[in-house]
Enquirer: 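Below: one structure in structure tokens.
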There are 2 protein chains.
Amino acid sequence: MERSLLYKRRIVKHLYFSNMLSCADLSDKIHKSIPLTTKMLSKLMEEGTVTETGYAASTGGRRPVMYSLKEDVMYVVSVAMDQLVTQIAILDMQNRNVTNTELFELPLTKNPDAPTALAEKINEIILRSGIPKNKIAGIGIGMPGFVNSVKGINYTFLETEGVTISQYISTKVKLPVYIDNDSRLIALAELKFGAARQRKNALVINVGWGVGLGMILEGELFRGHDGFAGEFSHIPLFLNNKLCSCGKSGCLETETSLLVVIEKARNGLKGGKLSMLNEQELSANNPEKAFINIVAAAGKGDKFAVEILSEAGYNIGRGVAILIHLLNPEVVILSGRGSTAGKIWQAPIQQALNEHCIPRLSVNTEIEVSVLGYNAELTGAAALVMENYEREEIKNLIYENRMY
Amino acid sequence: MERSLLYKRRIVKHLYFSNMLSCADLSDKIHKSIPLTTKMLSKLMEEGTVTETGYAASTGGRRPVMYSLKEDVMYVVSVAMDQLVTQIAILDMQNRNVTNTELFELPLTKNPDAPTALAEKINEIILRSGIPKNKIAGIGIGMPGFVNSVKGINYTFLETEGVTISQYISTKVKLPVYIDNDSRLIALAELKFGAARQRKNALVINVGWGVGLGMILEGELFRGHDGFAGEFSHIPLFLNNKLCSCGKSGCLETETSLLVVIEKARNGLKGGKLSMLNEQELSANNPEKAFINIVAAAGKGDKFAVEILSEAGYNIGRGVAILIHLLNPEVVILSGRGSTAGKIWQAPIQQALNEHCIPRLSVNTEIEVSVLGYNAELTGAAALVMENYEREEIKNLIYENRMY
DNA sequence: TAACTTTTATTAAATAATTAAGAAGTTAAT
DNA sequence: ATTAACTTCTTAATTATTTAATAAAAGTTA
């Protein structure tokens, strides 16, 4: 059948992820010969999807022509949700915002209207952008909870009777929808555009209100049998009898979540600890601010702030030690919104690894702090759409799964 | 180039693992059309590698002809080592022993002659079998220690100066050699011939003197970046201050290894515990026997024996709970030599999961006991050879990695 | 600056692989 | 029994893809 359609989409996908590639690079990536790749590329240029972008430096011979996607051939709608706030952005093929990132409150707990509100907001933003829907490759959504990305189901939030949340949004917005767990999308972002690029085995810790985990195993985002892999924050690690939100006690989260950190800071101050922090800065009403203040104090060298952050970092490190024993990754990346604290945590985590890892395992594992930072989840949501891009039009191709 | 060579090897491989397949099955598995697969099959029949083995039952239409490997077209040398004893067997294409399994003592610690002794023993057994070397696909070896299967290196045992242990044996025996960690080979055996067959995500616990782990992730044996993945027995899980053989304290192994179980039994008896066991049966000189006696007593309902076994089982279960949170497997399989104790352990492990797992994760995970049992490692070693079979002659095929 | 090596690009010829159509064997229902 | 539905098998026609040969562009060397 029309296999060239598949190859073309594959080329588009690779150009999206790599930004600029030569014909030989692409031939390698799509596992097709150079003449065939050339043919596909010229078709794509005819169609106006791809442009030549000059020559790469010579490596000792003729310089290769480089190809890129035209930035306006397609767009992706990226959505990053947490339990209270949702962000939406529209990105072009260079991952650049074409509208400002919209931020609005959308509580997920006990809110049966959340799916409707989400769909309407997405529709509104697309409409306002003026981009025609046939120019949008799809909608990628990162959300908390137990998410099965393949089935498109969120088992924890965003209940929609009779249909999956993906189907629901998809029929309302009339575009393909892909969802996944927030931590996993952050890992995907790191794999495609961040510190895990070119790495085959990487673990990405999502430092946020909880401690999430996304795993890159053998070059692919790992999801597990039901799509629930990576429940790092609920591994039973402590005998502290502290009840966790999940109903069990002793979860990693009970000693490492940012809320616990703030709580400890507050108790410390009450107990008379010396610090440049004051109780007002740690107000329970604004945990976001409270955490930023603690990190800022630590950055300025406040001993007490460093101490409580280090304690949490050390405990995360104990968890990471387990991960390293089991999965032997090449690199562990601290990412997510709380990665601002990453630099402070690097030392205590390393300390925990020195104490709890077999040296042969820990010496080969780097600990890195993400450079993607705040935007990781939105980037990951876009990457999710483009990962699936070749599948969309190919569903009718019988031999799709027989080819690269 | 000669791609048909690759396809033929691929077919041979699949026939080895599945024993009997129709042309349509094979077409599916090698991702080639039916006419092409037919062509390859008839070539293989001409060469005398494959035979028709009658018809399969109809599924509502014409019955498919089934194909199998001739059992004597090729053989595999399987080696299963532990720190004291090494087993060697020669298997045919139906995984049947063609010689008796040879068992001999070969201590690995502080024994610089071990590699030489191993190579000589292998040579001797091949010679004695009368099988010509060109009929042997290769040698598969399972061994304890930190093993990098891809590089063919064992970092813990079997030191050979200047060359890897694989290269060493290979040049001495003049056959391709593949090695891997014992627990991982057991997992491979379960994947190809045991309880993990057709499963995409399975964890295989190797119950032996330690507690090993082999992971099947996305249908493949997972090895990690340096090949060290699966160090389950050394995850830091206890605050018991018991020193582990690895130098750290609190490792899972310090509460679950069979030696610890025997030790506890002995101490219990000394402390006056009521049991049908007596101290003589638990002699330190023969731990193998001691363990069998404990399991036997438990099987007969001895309360004390059940108690200490359950305790170890529960602690393994705590470790398994962590695995399930992180990897969300479809099934957890208790395998290896100690899997005789598996049935006794099923209950306490399940108990630990109920206490330490988020229900959504544990309810979807089955706990199974292996049926492969004692032979798992030898089977896995053979499977390792055949997994690599298609690569061996194809190394010169430029496009090898571009095709299925 | 010419000769040579290296890398990329283009084309035509050769081969590899699939599709499509029809024949043949089974089951099940009328 | 006969027919319909379905699966497997076989063959020829068609299409897809690669190989190999050549040209073109850069760098390297003497």
Side-chain angles (χ1 to χ4, degrees), chain A residues 1-11 14-15 18 20-46 50-68 390 394 396-404, chain B residues 1-11 18 20-46 50-68 390 394 396-404:
Chain A
M1 292 233 96
E2 251 313 27
R3 297 154 87 112
S4 64
L5 223 152
L6 176 58
Y7 300 155
K8 285 194 293 184
R9 288 219 164 202
R10 225 155 250 179
I11 289 174
H14 283 294
L15 286 176
S18 300
M20 201 194 263
L21 291 169
S22 73
C23 180
D25 296 334
L26 282 164
S27 161
D28 251 26
K29 286 189 192 271
I30 69 171
H31 303 283
K32 293 289 139 189
S33 69
I34 286 179
L36 187 54
T37 310
T38 312
K39 204 162 85 187
M40 296 301 130
L41 274 171
S42 40
K43 277 193 195 180
L44 284 166
M45 304 236 303
E46 253 175 51
V50 167
T51 38
E52 295 186 358
T53 42
Y55 297 91
S58 165
T59 57
R62 180 169 171 172
R63 296 179 307 177
V65 173
M66 300 303 278
Y67 299 88
S68 285
E390 73 191 46
I394 299 306
N396 27 1
L397 246 189
I398 300 168
Y399 278 84
E400 60 148 328
N401 45 0
R402 299 201 171 180
M403 303 156 56
Y404 278 93
Chain B
M1 292 234 94
E2 252 310 29
R3 295 156 89 111
S4 63
L5 224 153
L6 176 57
Y7 301 155
K8 284 195 292 184
R9 289 220 163 201
R10 224 155 251 180
I11 288 174
S18 300
M20 201 194 263
L21 291 168
S22 73
C23 180
D25 296 335
L26 282 164
S27 161
D28 251 26
K29 287 190 192 270
I30 69 171
H31 304 283
K32 293 288 138 189
S33 70
I34 287 181
L36 185 54
T37 310
T38 312
K39 204 162 86 186
M40 296 300 130
L41 273 171
S42 38
K43 277 192 195 181
L44 284 166
M45 304 235 303
E46 254 176 52
V50 166
T51 40
E52 295 186 358
T53 43
Y55 297 91
S58 164
T59 56
R62 181 170 173 172
R63 296 182 308 177
V65 173
M66 299 304 276
Y67 300 89
S68 284
E390 74 190 46
I394 299 306
N396 27 1
L397 247 188
I398 300 168
Y399 279 84
E400 59 149 328
N401 45 0
R402 299 201 171 180
M403 303 156 55
Y404 279 92

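Predicted, not measured: the structure shown is a model, and the values here were computed from it. Naming convention: chains lettered A, B, ... in sequence-line order (proteins, then strands); numbering from 1 in each chain.
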Enquirer: Using whole Å, what does the distance between atom C1' of nucleotide D:dA12 and atom CD1 of B:I34 come to?
Expert: 17 Å

Enquirer: Please answer whether the main-chain N or O of B:S22 pairs with a side-chain N or O of B:D25 as donor and acceptor at a distance below 3.5 Å.
Expert: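 Yes; at least one donor-acceptor contact below 3.5 Å.
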
Enquirer: Show the distances under 3.5 angstrom between N or O atoms of the protein and N or O atoms of nucleotides 3-7 of chain C.
Expert:
{"from": "C:dT6", "atom 1": "O2", "to": "A:G60", "atom 2": "O", "distance (Å)": "3.3"}
{"from": "C:dT7", "atom 1": "O2", "to": "A:R62", "atom 2": "N", "distance (Å)": "3.0"}

Enquirer: Looking at C:dT18, D:dT18, C:dA9, which one has an atom nearest to any side-chain atom of B:K32?
Expert: C:dT18

Enquirer: What's the closest nucleotide to the side chain of A:R3 if the choices are D:dT10, C:dT27, C:dT18?
Expert: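 Given the options D:dT10, C:dT27, C:dT18, the side chain of A:R3 is closest to C:dT18.
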
Enquirer: If I compare all heavy atoms of A:K32 with all of A:T37, which pair ends up nearest, and what's the gap?
Expert: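 Where A:K32 meets A:T37 most closely, the heavy atoms are O-OG1, 3.6 Å.
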
Enquirer: Short question: side chain of A:S27, backbone of A:C23 - any donor-acceptor pair under 3.5 Å?
Expert: no

Enquirer: Just the rounded figure in Å: distance from P of C:dT8 to CG of A:D28.
Expert: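 In whole Å, C:dT8 P lies 10 Å from A:D28 CG.
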
Enquirer: In whole angstrom, what separates B:L36's CG from D:dT10's C1'?
Expert: 14 Å

Enquirer: Check side-chain contact (heavy atoms from CB on, under 4.5 Å) between A:S68 and all other residues, then give those that pass, not counting sequence neighbours.
Expert: A:M20, A:T53

Enquirer: Below the 4.0 Å mark, does D:dA25 have OP1 or OP2 next to a side-chain nitrogen or oxygen of A:Y55?
Expert: no

Enquirer: Measure from CD1 on A:I30 to P on D:dA16 and round the result to the nearest Å.
Expert: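 After rounding, the gap between these two atoms is 15 Å.
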
Enquirer: B:L41 has an atom CG; how far is it from atom P of D:dT10, in whole Å?
Expert: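 Those two atoms, CG and P, are 11 Å apart.
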
Enquirer: Rounding to an integer number of Å, can you tell me how far A:K39 NZ sits from D:dT15 C1'?
Expert: 10 Å

Enquirer: Could you tell me the separation between the CE atom of B:M66 and the P atom of D:dT7, rounded to a whole number of Å?
Expert: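 After rounding, the reported distance stands at 16 Å.
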
Enquirer: Measure from CG on A:L6 to P on D:dT17 and round the result to the nearest Å.
Expert: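 My rounded result for the distance is 10 Å.
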
Enquirer: Measuring from the side chain of B:P35 (C-beta onward, heavy atoms only), which nucleotide among C:dA9, C:dA17, C:dA20 has the closest atom?
Expert: C:dA20

Enquirer: Consider side chain to side chain contact (heavy atoms under 4.5 Å, CB included). Of A:L26, A:L6, A:I11, which one does A:M40 pass it with?
Expert: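 Answer to the side chain to side chain contact (heavy atoms under 4.5 Å, CB included) test with A:M40 among A:L26, A:L6, A:I11: A:I11.
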
Enquirer: Starting from the 5' end of DNA chain D, give me the residue, B:T38 or A:M40, whose nearest nucleotide shows up first.
Expert: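 Whichever sits nearer the 5' end wins; that is B:T38.
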
Enquirer: Any side-chain N or O of A:S33 below 4.0 angstrom from OP1/OP2 of D:dT18?
Expert: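 A:S33 to D:dT18 OP1/OP2: side-chain N or O found under 4.0 Å.
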
Enquirer: Applying side-chain contact (heavy atoms from CB on, under 4.5 Å), name anything that partners A:R62, two or more places apart in sequence or on another chain.
Expert: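 Expected list: none.
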
Enquirer: Is there a donor-acceptor pair under 3.5 Å between the side chain of A:S18 and the backbone N or O of A:L15?
Expert: no

